[in-house]
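Computed from heavy atoms alone, side chains included, the values below leave out hydrogens, waters and symmetry copies. Predicted model only: the values in this text are computed from it and were never measured.
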Amino acid sequence: MKKNLGKLAVISACWGALLFAVVNSQPIDLYISKVKERMFAEKSQPVHRNEDAWRLQIEEWKREKDEQPINARIDRVWKSIVPGYNGLEVDVEASLQAMRDAEQITPQKLVYKEVPPEISKEKLGIYPIYRGNEQKPAISFMVNVAWGNEHLDRILNTLDHYHIKTTFFLDGSWVKKYPDLAKKIADRGHEIGNHAYSHPDMSKLSPERIRQEIGKTQAVIKEATGITPHLFAPPSGAFQDSVVKIAKQEFHMQTILWSADTVDWQKPSLEQMLSRVGGKLGNGVLVLMHPTQVSAQGLESLIKKAQQKGLTPTTVSEVIAETRLRTP
């Protein structure tokens, strides 16, 4: 028995020595090293091999998806500015990095950047604006407020329901009488514009009276809401060149008119108002309304129709901006 155990010990020692020699031999080390190198190469080569193909695919998508910017222009009929619209182009390097990170190539991972037009609206001089660019899928239901307090809540609640912010142009004398209502509109997140102080025909005013109408309204709006408006809507759309120039040069305000009119102050029926405006809803349109009963009743229908056409109801400032409304 002792003899057998001795033999087993000798055999085990021999095998152990042999195994130690094999494991620590240079050929084995070299073999393991080569295996590791091959595994690393198999893992990394597809990335390097695919990158050129990925770049070519992204550049092909870029040719399909890039959109040229549109220059602002003067509408010679209406003597007004039509704002430009930023172009859109695929950022190849940023897109490639996004696809590396995602480890997949797909148009959903394309990264875009906006390209401004060579001619922006600021380069065209001092003119009013009636609309946004025809390619921008945005619309504004702007509200001129000088009366109609009893219908304001319904309009505000409808806008809240659809998560829409719009622009309210406030008459200065109205703000003076109802500062709490002016603040209420502002506190609901809506843009505030200037609508002169006493609702005059500004096409017939002296430069001094123009300054008074605009400046006094700026002051009362600031006092009531803390906001200094940068948009001016002349009452009834009446203006002269001096109105637009004084608003811009002295008060840093853009004069705003409209491209679709509810004519709600004439008290049309709901069907008449919707028929008048419904067909004019389109890209860049500014819709004029007041806090009247018919506009309060019809606002929801107009919002729904605009959205069905793929339009986003928003503020006047957003509609006339040359930035894109959204990117893919």
Side-chain angles (χ1 to χ4, degrees), residues 65 67 69-70 80 82-88 107-108 110 112 114 121 129-145 148 151-170 184-193 231 233 254 256-265 268-328:
K65 296 179 178 295
E67 296 181 25
I70 301 171
S80 66
V82 177
Y85 193 40
N86 283 1
L88 193 67
Q108 283 69 42
L110 289 172
Y112 294 84
E114 294 192 23
K121 63 180 184 291
I129 293 180
Y130 288 76
R131 58 167 302 118
N133 189 273
E134 296 92 340
Q135 296 302 312
K136 187 168 185 175
I139 190 169
S140 187
F141 297 103
M142 61 187 203
V143 187
N144 289 356
V145 183
H151 303 295
L152 267 176
D153 277 341
R154 182 169 181 178
I155 289 174
L156 289 170
N157 291 339
T158 298
L159 294 168
D160 280 352
H161 178 75
Y162 287 93
H163 308 290
I164 291 169
K165 305 303 179 188
T166 194
T167 304
F168 287 79
F169 290 94
L170 306 183
K184 181 179 183 179
I185 295 169
D187 287 349
R188 301 281 272 267
H190 298 290
E191 182 174 48
I192 303 297
L231 300 176
Q254 175 66 58
I256 301 295
L257 300 169
W258 60 84
S259 38
D261 191 355
T262 60
V263 197
D264 52 3
W265 55 274
S269 68
L270 178 60
E271 292 75 18
Q272 288 174 326
M273 189 274 283
L274 293 177
S275 176
R276 180 196 303 274
V277 176
K280 297 179 180 179
L281 303 182
N283 289 355
V285 169
L286 303 179
V287 180
L288 173 64
M289 57 178 52
H290 303 83
T292 61
Q293 182 177 358
V294 68
S295 283
Q297 291 174 335
L299 179 58
E300 183 171 21
S301 294
L302 292 175
I303 290 171
K304 287 181 177 179
K305 187 162 188 176
Q307 292 177 334
Q308 288 168 0
K309 290 186 173 186
L311 303 171
T312 297
T314 185
T315 64
V316 170
S317 286
E318 177 62 43
V319 173
I320 68 173
E322 291 169 339
T323 53
R324 298 182 73 89
L325 187 63
R326 55 172 98 69
T327 56

Original post:
Where do Tyr85 and Glu134 land on the side-chain hydrogen bond (donor to acceptor under 3.5 Å, both in side chains) test, with the steps shown first?
Top reply: CA-CA 9 Å; Tyr85 193 40; Glu134 296 92 340; over 6 Å; no
Is the closest side-chain heavy-atom distance between [X] and [Y] below 4.5 Å?
{"X": "Pro313", "Y": "Gln307", "value": "yes"}
{"X": "Leu152", "Y": "Phe168", "value": "yes"}
{"X": "Lys65", "Y": "Tyr112", "value": "yes"}
{"X": "Thr262", "Y": "Arg276", "value": "no"}
{"X": "Val143", "Y": "Ile185", "value": "no"}

As an exercise, state the distance from [atom1] of [X] to [atom2] of [Y], rounded to the nearest 0.5 Å.
{"X": "Leu288", "Y": "Tyr130", "atom1": "CG", "atom2": "OH", "result": "12.5 Å"}
{"X": "Asp261", "Y": "Met273", "atom1": "CG", "atom2": "CE", "result": "11.0 Å"}
{"X": "Leu156", "Y": "Lys184", "atom1": "CG", "atom2": "NZ", "result": "6.5 Å"}
{"X": "Gln297", "Y": "Thr292", "atom1": "CD", "atom2": "OG1", "result": "8.5 Å"}
{"X": "Asn144", "Y": "Trp265", "atom1": "CG", "atom2": "CH2", "result": "13.0 Å"}
{"X": "Glu318", "Y": "Glu191", "atom1": "CD", "atom2": "CD", "result": "9.5 Å"}

Which heavy atom in [X] sits nearest to a heavy atom in [Y], and how many Å separate them?
{"X": "Ile256", "Y": "Met142", "answer": "CG2-SD, 4.1 Å"}
{"X": "Gly132", "Y": "Val82", "answer": "O-CG1, 4.2 Å"}
{"X": "Gln135", "Y": "Ile70", "answer": "CG-CD1, 3.3 Å"}
{"X": "Leu159", "Y": "His190", "answer": "CD1-CE1, 3.7 Å"}
{"X": "Ile139", "Y": "Leu281", "answer": "CD1-CD2, 3.6 Å"}
{"X": "Asn283", "Y": "Pro137", "answer": "OD1-CA, 3.3 Å"}

Original post:
Which pairs with one or both residues in residues 160-170 pass salt bridge (charged side-chain N to carboxylate O under 4.0 Å, His left out), sequence neighbours excluded?
Top reply: Asp160-Arg188
Kindly say whether [Y] contributes a backbone atom to a donor-acceptor pair with the side chain of [X] at under 3.5 angstrom?
{"X": "Glu114", "Y": "Arg324", "answer": "yes"}
{"X": "Ser295", "Y": "Pro291", "answer": "no"}
{"X": "Glu322", "Y": "Gly84", "answer": "yes"}
{"X": "Asp264", "Y": "Met289", "answer": "no"}
{"X": "Lys136", "Y": "Thr323", "answer": "yes"}
{"X": "Thr166", "Y": "Phe141", "answer": "yes"}

Original post:
Passes side chain to side chain contact (heavy atoms under 4.5 Å, CB included), Thr167 versus Ser317? Steps please.
Top reply: CA-CA 8 Å; Thr167 304; Ser317 286; 5.8 Å; no
**OP:** Might you work through the side chain to side chain contact (heavy atoms under 4.5 Å, CB included) test for Ile129 and Val316, ending with a clear yes or no?
**Re:** CA-CA 10 Å; Ile129 293 180; Val316 170; over 6 Å; no
